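Since the model is a prediction, treat every value here as computed from it, not as a measurement. Letters A, B, ... are given to chains in the order of the sequence lines, protein chains preceding strands, and every chain is numbered from 1.
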Amino acid sequence: MRRYTKLAYKDPDEILFGHAKFPVQEHFGIVFGAGFVVPEVKVAPAPGTEKDKESLVREMASIAEQAASRAVDIGLPAFMLEQEHVFQQTYYPDWAYDCTHAQLEVLEKYYKEYGVRIALRQTVADIRVEEKGGLRGSEYDNRIAETIERCCEAGASDIAAETMGGKSVIDYGVMRGDIKALLFGEYLAHIDMEYFWTRAVNICRKYDTRPAGDTHCSGANTAMFVAGGLMGKDMSHTGAALVRAMSAARSLVAVECGATGPLKDCGYENTIIKFITGVPIAQEGKDAVCAHSDIMGNLVCQAVDVWSNESVFHREEMGGPTPAVWLQATGYEAALMNTAIQAGYAKVLRDLYALTDMYRDPQALILAYPNAFRIAKAIVEYGKDPYLRSRAAALEAAKIIKEAYEAKRIALTRFELDSLNKFVSILESLPMEADKFVDECLREYKGKIPTFDPKSYEL
Amino acid sequence: MRRYTKLAYKDPDEILFGHAKFPVQEHFGIVFGAGFVVPEVKVAPAPGTEKDKESLVREMASIAEQAASRAVDIGLPAFMLEQEHVFQQTYYPDWAYDCTHAQLEVLEKYYKEYGVRIALRQTVADIRVEEKGGLRGSEYDNRIAETIERCCEAGASDIAAETMGGKSVIDYGVMRGDIKALLFGEYLAHIDMEYFWTRAVNICRKYDTRPAGDTHCSGANTAMFVAGGLMGKDMSHTGAALVRAMSAARSLVAVECGATGPLKDCGYENTIIKFITGVPIAQEGKDAVCAHSDIMGNLVCQAVDVWSNESVFHREEMGGPTPAVWLQATGYEAALMNTAIQAGYAKVLRDLYALTDMYRDPQALILAYPNAFRIAKAIVEYGKDPYLRSRAAALEAAKIIKEAYEAKRIALTRFELDSLNKFVSILESLPMEADKFVDECLREYKGKIPTFDPKSYEL
Amino acid sequence: MSYEGGDVMSIEELAKKIDFDYVHIRYNVVVEGPAIKPEDDPDVKKILPTEEPFRSIALAVLKADLKGVEEKVKEALKKIDPVKVIENGLGKGMDAVSALYAKALYFLPDVMLSADAMMAGVKLCEEKLGKATKKKGTVVSFVAEGDPHDIGKNLVVMFLRANGYEVIDLGRDVPNKEVIEAIKKHKPIMVTGTALMTTTMTAFPAIAEMMKKEGISVPVFGCGGGAVKRDFVESYDFSVYGVKAHHAPKLADAALAGKTWKELRYEYPKVVGEFVAEYADRMG
Amino acid sequence: MSYEGGDVMSIEELAKKIDFDYVHIRYNVVVEGPAIKPEDDPDVKKILPTEEPFRSIALAVLKADLKGVEEKVKEALKKIDPVKVIENGLGKGMDAVSALYAKALYFLPDVMLSADAMMAGVKLCEEKLGKATKKKGTVVSFVAEGDPHDIGKNLVVMFLRANGYEVIDLGRDVPNKEVIEAIKKHKPIMVTGTALMTTTMTAFPAIAEMMKKEGISVPVFGCGGGAVKRDFVESYDFSVYGVKAHHAPKLADAALAGKTWKELRYEYPKVVGEFVAEYADRMG
Ligand SMILES: [Zn+2]
Ligand SMILES: [Zn+2]
Ligand SMILES: [Zn+2]
């Protein structure tokens, strides 16, 4: 387990879409972060197709075929197909094997016939239920490990996941705007991430399958969704921004365990992690409108290597089946970025992407690459201490927002400003020793959160 | 009726998204082509809502509310809502009035409460059936005029249309790859456009409603759809490129009759018309994937003033109702362009948009702004002669493709190259006098195309 | 910042050139009115009792002052019937909070902290009474089998409890037959089911079929976000598409007042009393 | 080209810097094999008759040589039965054209021009016979009421006629009851309906209901593009979602061979003999 105590980039201006310090090669002739952006498409299987294995395998092959045939029809040089597992695909490892195999068969046919470069990402589902058997050693937990192995055997290009460690405490913190609970949840997430990814990396290394990485979809994205749009009244956007900053420290653990990237699309925190590790990253934004809204549709392109549509129903639009329609959308945005790279204007386009959302919302502001650099630096300064690095990330994010507010670059509502000040004062009043903080939190939250199981985190 | 014999722009480099020589002001504080790009959303009413007036009015108001509430939730400064009439909305003028009024009531509420600048475009349906009562004076024809008036009375910001004149001959030409029939169809379209738009402009001028313009959706887009993707086998992409070039001469007629723009989104030919007239233009491309595919998703942004999603089913995505989801997509692309304008990099982004598709396909190549400029010039050289200017547009487009092919900038299949050469030789062999050409065509096609009614074109 | 096309300004310098009003407008700031004290809000004024000690109890709930609520309730219970303390004091405070939340003058954390304070007061009243106070009704809540997302369910449970409902919370990964058993056992006035994925939401129609077989007909507040959408929820019986967690108690009240699940579908916006994009076509 | 950020290359200069293989690949050029004469194609070789005059008639159709077809057919009719000239000569030529079109070695214009040539030959045969030759079967085609888009219908009609079917073309803007009357009158083996809009395609289920009331059960090839999609077409009876116009004759052949509309739905890819994205889940 490697800890990062310095950044992979010396200067914020070095980061750029389509370029990673450590590009990743996967079979079918594809490389990520090697000077061009690869589009990604992800489609949720139609309701009912999960009724049995044959039906789900047919559904998976049909999604792959619809995407690949459109890719060649509009001239995309390369693409990634990601399949986020439904419960059955992870709970039954042989379903995972057959579905992965069926998709690879289709993709290989197009690779051989047209030469289009292709990757297949299998994202195992975190089906563990903390309050039913805990996060370690339960039947659900063991099936996840088996399924990762079966996907590797079937030839998946890489394995990703969106683990749920710390979710019960984070949900509590999101609902109450309780920054201490949120920080404690991120700390717990670090512990579970290390458990999950040490195992996942060891499995993948036995095969030609990359351990890709994790996102804090179950934490930072939950905060983002509860925060909602500008008129949202459930979570302050300044609070959601601090959770996003902390989530970078948590998602970093996958790479510390040996994950190579491309980090997964839901990780809006990935620019921060790229500054620390130099690995390629997937992102989602203005082409993910069918999956969920966000308030930084352009900014997330700034350092992207794999541009995703996140998710969409598997059905037909007037323009064709959704796998075809959405690979065309992400394919054309990736094409614009690749044109900019070739023409020598990538950094100009990067800055336009970032500037478009930088002052639209505090959540975008802290992720704009010059600010993401500052948060990355704050994390590596306490690189060895999951508690202090998460706390430092939140405080640096708060500082960034306050500076912009005071310089009148961004306007905030009272709710946004008051909650920001409240969070900062709480964070600054916390002890500097992890174990003191943990004891305090166990006492305060153990009784209040029935689904929280300290044993799952060896506490 | 004004004919254009010189261009509004002296140099191709002058054209740019968000800027028109003759910006257009509409109520609710919105201006098009005045230094920023306005996003547009258009949604098809759900199947069955057309069963009666009340149900369609409710559907229209619901689409407006879902779009406007998302616009304020993600901070869009302005947007256009377009409603393409279904048959009943044009056939029953009072339906048109009530639907328009209901949408304006919703939009005005948001304009007053938030200050978001809004335009409502009503696109009347060309319900005329050439082979049943002809294009002039039929019941269908009269209802269109009444409906335009009722929309103006209800306060629509502007009126657009997609007229079908010449469609029967053009369809025949598309199916057979017959460039002579296609040219004859474009000539017929000119005649019907003059009839339709002289009347439409006169009606609009009695109200504070702009006569916006027309697109050759029923001709050039039919050719584009039949041509399909790269692997299409129904119409050559070089043929579709020539039809697109000719369609600019035809769609120009709306402006010659007094239309002000913004010209309607389906007009991929609009860049050419903007060079000639300087009016603002709507366009659709990479955000129209739900409506149809195209092979120039980025290029069409090069000179856009109103960026549209073309159309989508009215239903729910995971990310929300489609009016909200798709205004977010077009809104974020418009935001990127507005950032580029403000930052002084608009021309860089314009060139990246154009370069991304310029050599993807002949249809994109001829519309790339430096080439669109050449086609515009070819049209105004014969500005007063609908036949010669259409023919000149096609020949100039063919020249552009041949030059790029010979310079090895674009690769063509045998089908594309052979059909291009065949079309050029046919076009060059045609008489230079319109009436000679028309007589030849009447003799050749009148018998073969049962739905073609020469009287509808005063022939 | 240098790039192949020659020197270019840094992003910070570029930002200074930009008039961001052409790019985005933070409408939340534009429409934010002047700050006023919660108790001065016109709707709150209509709700808050004038009589003491009910007024100061309600105000303590409004201010989420848990200690203050406990002190004032203990004081009041010396001479006032616990049920009155709940209905005229604690309940009124929570109604005021809901009114401010509806107008986005209060936010979810305020609602949660006020609910904690109110529940602390209710607990004292119930201790005085020697038994739980009569709840408005019982609701069974669950997350579909195989679906890990439960923050939606937790929010629904909180809003229901804060509005006087007893909630049987079955938790996550709940097999369909456990839901049926809970309905038969607790005879709820409403059931809430949450799911977020295309392949776990299929539990809802399965449960509807089982309910039919068992002759049970109770409205199921099928709420989701993610894959669960109105057209899906209305494709099988008993179900009403729930859009926001804070709508749950309003629907429960309407169910209590005799509205059938079919009526709830068509009167949703009126029942919840606010604009709902997903029901925009039934705003009439 | 100048812009505020300093001088920048023209778009032409920029284009020269770009390796477009990172941006797009024209796969149609990549996979285009060497040019071969149509008659040298292996599939065509299997189809073309060896016996004269059938071989040269078929070749003339293959080359869309209308004059040549007329001459050769007139010649052949002097001693050969017109039905044989059609089946062994003209028909074989059209089969060869369809084989090349399926492999994208022939294109729609080639198919149309060959069909014109073939029809010219069939006309001569029918004149010799003194009556129309027996067609494989009758198909009724229409465009839904209020929908102006009819190029789809025209392509379907052409492909059906080119493959030996008699087509009753009702044209555009056809009221539902006119479709029912035409079905009752002509007793077709199949009906094709096209529409492109969400609000005109509603004619299809309405027609299905009227067919049920009249006790008619004939497969309706509901083809569209635009709003007409498989999930909609399969939401009512009798209908099969038609994806490409050239699929129509293959479905007609299958209907003729006794396939029900339900079977056609599930065997679509096999019946049309090619990959169809919209039926990818039934490629089985
Ligand atoms: Zn995710
Ligand atoms: Zn995501
Ligand atoms: Zn159109």
Side-chain angles (χ1 to χ4, degrees), chain A residues 18 34-38 45-46 49 54-78 106 109-110 113-117 313-321 323-325 331-332 334-345 348 351, chain D residues 1 3-6 8-33 103-104 149 195-201 224-235 241 243-244 266 268-269 274-284:
Chain A
F36 58 94
V37 179
V38 175
T49 55
E54 289 60 38
S55 140
L56 195 60
V57 169
R58 258 204 315 279
E59 175 75 344
M60 292 297 132
S62 135
I63 289 171
E65 189 93 44
Q66 291 170 341
S69 57
R70 178 65 63 95
V72 297
D73 218 18
I74 58 172
L76 304 184
V106 169
K109 184 181 74 181
Y110 281 86
E113 197 181 328
Y114 297 95
V116 51
R117 281 162 288 146
F313 286 121
H314 186 207
R315 57 187 179 188
E316 288 184 276
E317 296 294 347
M318 298 186 228
V325 161
Y332 278 168
L336 175 64
M337 289 188 255
N338 291 331
T339 300
I341 292 170
Q342 289 296 316
Y345 279 100
V348 169
D351 286 6
Chain D
M1 174 178 75
Y3 78 106
E4 289 185 40
V8 174
M9 279 166 280
S10 76
I11 185 170
E12 289 78 9
E13 284 148 3
L14 272 181
K16 294 203 179 68
K17 291 187 49 179
I18 293 173
D19 176 349
F20 282 97
D21 281 351
Y22 285 103
V23 181
H24 50 66
I25 294 177
R26 302 207 80 223
Y27 290 108
N28 49 353
V29 175
V30 166
V31 298
E32 188 180 47
K103 298 197 288 188
H149 307 89
L196 226 65
M197 297 160 63
T198 55
T199 49
T200 53
M201 68 183 188
V228 178
K229 290 290 143 184
R230 197 181 90 188
D231 45 22
F232 174 75
V233 167
E234 293 187 350
S235 68
Y241 174 56
V243 180
K244 294 275 186 215
Y266 283 88
Y268 192 95
E274 60 183 40
F275 164 68
V276 188
E278 289 77 359
Y279 282 92
D281 58 330
R282 293 177 189 161
M283 294 295 283

Open item on the list: Salt bridge check, D:R282 against A:E59: does any charged N sit closer than 4.0 Å to a carboxylate O?
Closed with: no
TODO: Name the region of D:V31, side chain, backbone, both or neither, that has any atom closer than 4.5 Å to a heavy atom of chain A.
DONE: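 It is the side chain, since no backbone atom gets that close.
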Open item on the list: For D:D21, which atoms come within 4.5 Å of any heavy atom of chain A: side chain, backbone, both, or neither?
Closed with: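 Looking at D:D21, just its backbone touches chain A.
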Open item on the list: Would you say that A:Y114 contacts D:I25 through its side chain, given a criterion of any heavy-atom pair below 4.5 Å between the two side chains?
Closed with: no
TODO: Kindly indicate whether the side chain of D:H24, heavy atoms from C-beta on, has any atom under 4.5 Å from the side chain of A:L76.
DONE: no
What part of [X] lies closer than 4.5 angstrom to a heavy atom of chain D: side chain, backbone, both or neither?
X      : answer
A:A71  : backbone
A:A61  : neither
A:V116 : both
A:E54  : neither
A:S69  : side chain

TODO: Please round to the nearest 0.5 Å and tell me the distance separating atom CD of D:E234 and atom OH of D:Y266.
DONE: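 The OH atom of D:Y266 is 5.5 Å from CD of D:E234, to the nearest 0.5 Å.
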- [ ] Pick out which of D:F232, D:Y268, D:Y279 makes a side-chain contact (heavy atoms from CB on, under 4.5 Å) with D:Y241.
- [x]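 Output: one option passes, namely D:Y279.
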Open item on the list: Looking at chain D, which one of A:T339, A:V72, A:N338 has the largest number of heavy-atom pairs inside 4.5 Å, strictly under?
Closed with: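 Max contact count across the listed options: A:V72.
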Task: Stacked cation flag A:R117 on A:F36, 6.0 angstrom / 45 deg - done: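 That pair qualifies as a cation-pi contact.
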Open item on the list: Test of understanding: with side-chain hydrogen bond (donor to acceptor under 3.5 Å, both in side chains), list the residues that count as partners of A:E65, not counting sequence neighbours.
Closed with: A:K109, A:Y110
- [ ] Against chain A, work out which of D:K229, D:R230, D:K16, D:E13 has the most heavy-atom pairs shorter than 4.5 Å and name it.
- [x] D:K229
